[in-house]
Amino acid sequence: MKYDVNEKGYYGEFGGAWIPEMMYANIDELRRRYLEIIESPEFKNEFEQLLKNYVGRPSPLYFAGRLSEHYGTRIFLKREDLNHTGSHKLNNTVGQILLAQKLGKTRIIAETGAGQHGVATATVCALKGLKCVVYMGALDVKRQAPNVKKMKMLGAEVVPVHSGNKTLKDATNEAMRDWINNPEDTHYIIGSVVGPHPYPDMVARFQSVISKEMKSQLLEQTGSEFPTRILACVGGGSNAAGAFYHYLDDEQVELIGVEAAGKGVETSETAATLQVGLPGVLHSSKTMLMQNSDGQITEPYSISAGLDYPGIGPLHSYLFKCGRAKYLAATDEEVLKAALLLTQKEGIIPALESAHALAALEKLKLKPDDVNVINLSGSGNKDMETYLDYFGY
Ligand SMILES: *Cc1c(COP(=O)(O)O)cnc(C)c1O
């Protein structure tokens, strides 16, 4: 495939494994074995069974009639919000826990910012009875108390990280340090299409079930596998990668990622990496990054914790650069409006992250016959406090 990662782990100029010498053994084992394992019939069978009976797949493809009428076009929602734990994240953690078992690992580590990936990791560790340690910036531990409690109830140890800004980047550094010290028994579950090769490719493959299902569901409901366009929000980019994956070579399908503009891409309070970023290396991967003129990573901002990340997966940097996918940005204000519109037109409260993809509908010329698929990455349950604060119910 034209947009596949190459043998060295690059998408065009982006990606690779920019790792310290001491992490070489961990990454090398994963790189050598991941494809053979995840393509084996035994793995595929176990993965499919869990996706079906534990995660609750296939997720429905829902024709949103009243929202379609509002925009004068056809809009379908891929309902990842209906998965167990309320988002697409479990597709990846289920895949990685099975992989960890095949590699003979007994201990799992993860980093988390908002806590969503930490919860998804703690969930699959409980499912498989593996020890789970989640690194989290001390500031995030305070800000995301409900998710910390969930992880603890699921049996995970949550380690607050007090270095740096006490947020996601610092938690990631600590998780990498742990992995270097425990290469034998530990697998590191990364939560998006980021980090050193082979993570971006591996996570994209686990999430690709989204577009695989879309194809057959669209064929059944519209008579064609091919929509006019697919829209997905982009933080690290895993739900978008999954929604785009099986359409990458079908160039007639327009692919649109939507980043978090925060207070606006012209302000310093934004997380729209592709709009304001430059190439650099973050989390052992060459990709587009938000940075100052000295190359220091700048602190991102978004109303949605899941998009509040200063980088983006190397696949998206590449799709952006070569023009295969388009990337827009939606502000906090636009996102809140879009979330309310979906709620009152369809009775579905979306995650703030997913509402970025919905907000982009306002920015496009939509024709009556177009088929628009929105990847609804998660449920708004976790965001009720933000919604209530803003709308004042
Ligand atoms: C974590 C999260 C995201 C952002 O992650 P990606 O890797 O960009 O998909 C988006 N939506 C929801 C609901 C999330 O929990």
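Counting starts at 1 for both ligands and their atoms, in listed order.
Residue contacts with ligand 1: L307 is placed with no nitrogen or oxygen under 3.5 Å of a nitrogen or oxygen of the ligand (distance criterion only). Residue-to-ligand polar distances place H88 within reach of ligand 1: an N/O pair is separated by less than 3.5 Å. Of the polar atoms of G236, at least one N or O is found under 3.5 Å from an N or O of ligand 1, judged by distance alone. Checking only distances, G235 does come within under 3.5 Å of ligand 1, N or O to N or O. In terms of N/O distances under 3.5 Å, ligand 1 is approached by S238.
Atom 10 (C) of ligand 1 has its closest protein heavy atom at E353 CB, 3.5 Å. For atom 4 (C) of ligand 1, the closest non-hydrogen atom on the protein side is G306 O, 3.4 Å.
V373 is listed as a side-chain neighbour of M214, based on a closest heavy-atom distance under 4.5 Å.
Partner of L358 under the side-chain contact (heavy atoms from CB on, under 4.5 Å) criterion, chosen from L67, L341, L231, V335: L67. In summary, of the residues considered (Q217, Q221, E346), a side-chain hydrogen bond (donor to acceptor under 3.5 Å, both in side chains) with Y62 occurs for E346 alone. Partner H283 forms a ring pair (Phe, Tyr, Trp, His ring centres under 6.0 Å) with one of Y188, Y199, Y309 and no other, that one being Y309. Only one option out of I189, T123, L127, L98 pairs with T93 in a side-chain contact (heavy atoms from CB on, under 4.5 Å); it is I189.
Near S377, with a cut-off below 4.0 Å to any heavy atom, the atoms of ligand 1 are 10 (C), 11 (N), 12 (C), 13 (C). Each of the following atoms of ligand 1 lies closer than 4.0 Å to a heavy atom of G378: 13 (C).
H187 and W179 have perpendicular rings, their planes meeting at more than 60° on a 0 to 90° scale where under 30° would count as parallel. F391 and Y387 have parallel rings, their planes meeting at less than 30° on a 0 to 90° scale where 60° marks the start of perpendicular.
Counting heavy atoms closer than 4.0 Å to ligand 1, residue K89 contributes side-chain atoms (C-beta onward) but none from N, CA, C or O.
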